[in-house]
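One structure is given here, and the rest of the page talks about it.
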Amino acid sequence: MQRKRYSPGRVPGTLLGLGAGLAVVAGALTGCSAADTAEDVTVDAKAGAAAAPVAPPGRYRTLFEPCGAVPQATLRDLLPGTAALTDVERAAVLRGTAAVTYDTDRRVGCAWTADSGNGTHRLVLDVERVVSYDPTVSDAARAQEVYTRKQLAAGIAVPETPAPTPTAPTTAATASGATKVSATGAATPTGAPSSPTASGGATPPGTGAPPAGTPSAPATTGLEPRLLGGLGDIAFVGDTLGMTGGSGTQRVVSVVFRTSNVIVTVEYRQRTTGAAAAPDSKELQDRAQNLARLLADRLEE
């Protein structure tokens, strides 16, 4: 048998095939390792991401039935015209008329009306449960926004947060002829008067007593629209007086308070006819506030 002649630099076909196979296997292993590494990095990145904080839910999930929330004795005091009605008529008036709402877990209301010899009394109750659909805003914070709009509509300004009081700069002892720094930062020669009036000069414009004939601020009666204390988380009372048809007058008193994510509005109005005196502001305010406090206690049950 004749032997094959060996040629230098020539690789047998079998070795070439074996080398190519090893290269393919190595490439596959390298690709798998790279893919696993990328996947691990992605998982680590997701695991390290901080979740956005979720605001707490409101305290209340449901609302009470409004027409039955006011005691019968309280209704008879608020609606004096019921005294002249028959038992059947009085029962119908004191039963109240429920407000039409689409979700009684979100908003409810009731109204009562009774006529008397010289006018009409009307009581309206509105209870709203506020829900925030923003996970970063709590229900109570959203309810405060709704309450603030009601307060501004009643002409009661929202108190501003006072700015921090600036501290006065320290004044060091100065030599004769030197200057010192005032609270405004201006340099003043030592020994010089700090103001024109200190040296007997004229009073600067805009200061001193007001000129004769200037009207003074109107005196307050303590019954004007204002914030109320000790009622819910925050509360206010509004009071308006207007004319009705002919020579009659109508006073509308509204007490609004917020407890967590629930806003309660008590509207109590009296209308007079003819020459009858205008409804008394203090009487209506006292009655509306007493009812509002009763409802606030009901929310605590």
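Sequence positions, counted from 1, serve as the residue numbers for this chain.
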Look at the side chain of T259 and the backbone N and O of G232, then say whether any donor-acceptor pair between them is shorter than 3.5 Å.
-> no
Stepwise, does the side chain to side chain contact (heavy atoms under 4.5 Å, CB included) test hold for V237 with R226?
-> CA-CA 6 Å; V237 58; R226 63 197 182 279; 3.5 Å; yes
Distance-only, no hydrogens or angles: does the Y268 side chain make a donor-acceptor pair with backbone N or O of V252 under 3.5 Å?
-> no
Between atom CG of D280 and atom CZ of R287, what is the distance when rounded to the nearest 0.5 Å?
-> 9.5 Å
Quick one: are L299 and V264 in side-chain contact, heavy atoms under 4.5 Å?
-> yes
Are L85 and T82 close enough that some pair of their side-chain heavy atoms sits under 4.5 Å apart?
-> yes
Any donor-acceptor pair under 3.5 Å from T249 side chain to G242 backbone | no
Determine whether T265 and V127 make a side-chain contact, defined as any pair of heavy atoms from C-beta on separated by less than 4.5 Å.
-> no
Which atoms form the tightest heavy-atom contact between L75 and L123, and what is the distance?
-> CD2-CD2, 3.8 Å
Is there a side-chain contact between E267 and V253, using heavy atoms and a 4.5 Å cut-off?
-> no
Taking it one step at a time, do H121 and D115 satisfy side chain to side chain contact (heavy atoms under 4.5 Å, CB included)?
-> CA-CA 6 Å; H121 288 79; D115 297 328; over 6 Å; no
So if you build clusters from Ile, Leu, Val, Met, Phe, Trp, Tyr with side-chain heavy-atom gaps below 4.5 Å, do V131 and V262 land together?
-> no
Inspect the contact between K282 and D286 and indicate whether a charged nitrogen and a carboxylate oxygen are less than 4.0 angstrom apart.
-> yes
Salt-bridge contact R298-E300 (side-chain N to carboxylate O under 4.0 Å) | no
From R269 CZ over to L241 CG, what is the distance, rounded to the nearest 0.5 angstrom?
-> 12.5 Å
Salt-bridge test for D239 and R251: reply yes if a basic N is under 4.0 Å from a carboxylate O, no otherwise.
-> yes
Polar side-chain atom of T104 near backbone of V108 as donor-acceptor pair, under 3.5 Å | no
Please report the closest heavy-atom contact between L223 and S281, naming both atoms and the distance.
-> CB-OG, 3.9 Å
Check: Q250 and P279 side chains under 4.5 Å, non-hydrogen atoms = no
Tell me, yes or no, whether the heavy-atom count around R271 atom CZ, taken from other residues, nucleotides or ligands under 6.0 Å, exceeds 12.
-> no
Looking at residues at least two apart in the chain, or sitting in another chain, which of them share a salt bridge (Lys or Arg N to Asp or Glu O under 4.0 Å) with R122?
-> none
Would you say L284 and L294 are hydrophobically clustered, going by side-chain heavy atoms of ILVMFWY under 4.5 Å?
-> yes
Output yes when a side-chain donor or acceptor of T86 lies under 3.5 Å from a complementary backbone atom of E89, and no otherwise.
-> yes
Looking only at heavy atoms, what is the nearest atom pair of R129 and D105, with distance?
-> NE-O, 2.5 Å
Distance in Å, L228 CG paired with I234 CD1, rounded so as to fall on 0.5 Å steps | 10.0 Å
Hey, any chance F257 and L227 share a hydrophobic cluster, counting ILVMFWY side chains that come within less than 4.5 Å of each other, even indirectly?
-> no
Please round to the nearest 0.5 Å and tell me the distance separating atom CG of D233 and atom CD1 of I263.
-> 10.5 Å
Side chain to side chain, L295 and L125, heavy atoms closer than 4.5 Å | yes
Drop me the distance from R61's CZ to N261's CG, to the nearest 0.5 angstrom.
-> 8.0 Å
Give a yes or no on whether the backbone of V93 and the side-chain of R95 come within a donor-acceptor separation of less than 3.5 Å.
-> no
Mind running side chain to side chain contact (heavy atoms under 4.5 Å, CB included) on L231 and V255 for me, showing each step along the way?
-> CA-CA 10 Å; L231 178 58; V255 176; 3.8 Å; yes
Do the side chain of E65 and the main chain of C67 share a donor and acceptor less than 3.5 angstrom apart?
-> yes
Side chains of F236 and K150 in contact at under 4.5 Å (non-hydrogen atoms) = yes
Side-chain donor-acceptor pairs under 3.5 Å in residues 136-148, sequence neighbours left out?
| unit_1 | atom_1 | unit_2 | atom_2 | d |
| --- | --- | --- | --- | --- |
| T136 | OG1 | D134 | OD1 | 2.8 |
| T136 | OG1 | D134 | OD2 | 3.3 |
| S138 | OG | A141 | N | 3.1 |
| D139 | OD1 | S132 | N | 2.8 |
| D139 | OD2 | G58 | N | 2.8 |
| R142 | NH1 | E145 | OE1 | 2.9 |
| R142 | NH1 | E145 | OE2 | 3.4 |
| Q144 | OE1 | R258 | NE | 2.8 |
| Q144 | OE1 | R258 | NH2 | 3.2 |
| Q144 | NE2 | T148 | OG1 | 3.3 |
| Y147 | OH | Q151 | OE1 | 3.2 |
| Y147 | OH | A235 | N | 3.4 |
| Y147 | OH | A235 | O | 3.4 |
| T148 | OG1 | Q144 | O | 2.8 |

Smallest separation among heavy atoms of R90 and A83, with atom names | NH2-O, 3.8 Å
Indicate, with yes or no, if V266 and L79 share a hydrophobic cluster defined by side-chain heavy-atom contacts under 4.5 Å among Ile, Leu, Val, Met, Phe, Trp and Tyr.
-> yes
How far apart are the closest heavy atoms of A111 and V124, and which atoms are they?
-> CB-CG2, 4.2 Å
Side-chain contact test, heavy atoms from C-beta onward, threshold under 4.5 Å: evaluate it for R76 versus L94 and give yes or no.
-> yes
Closest non-hydrogen atoms of A69 and P71, given as atom of the first, atom of the second and distance, are O-CD, 3.6 Å
Residue pairs, two or more places apart or on separate chains, that pass ring-ring contact (aromatic ring centres under 6.0 Å, His included) and touch residues 79-113 | none
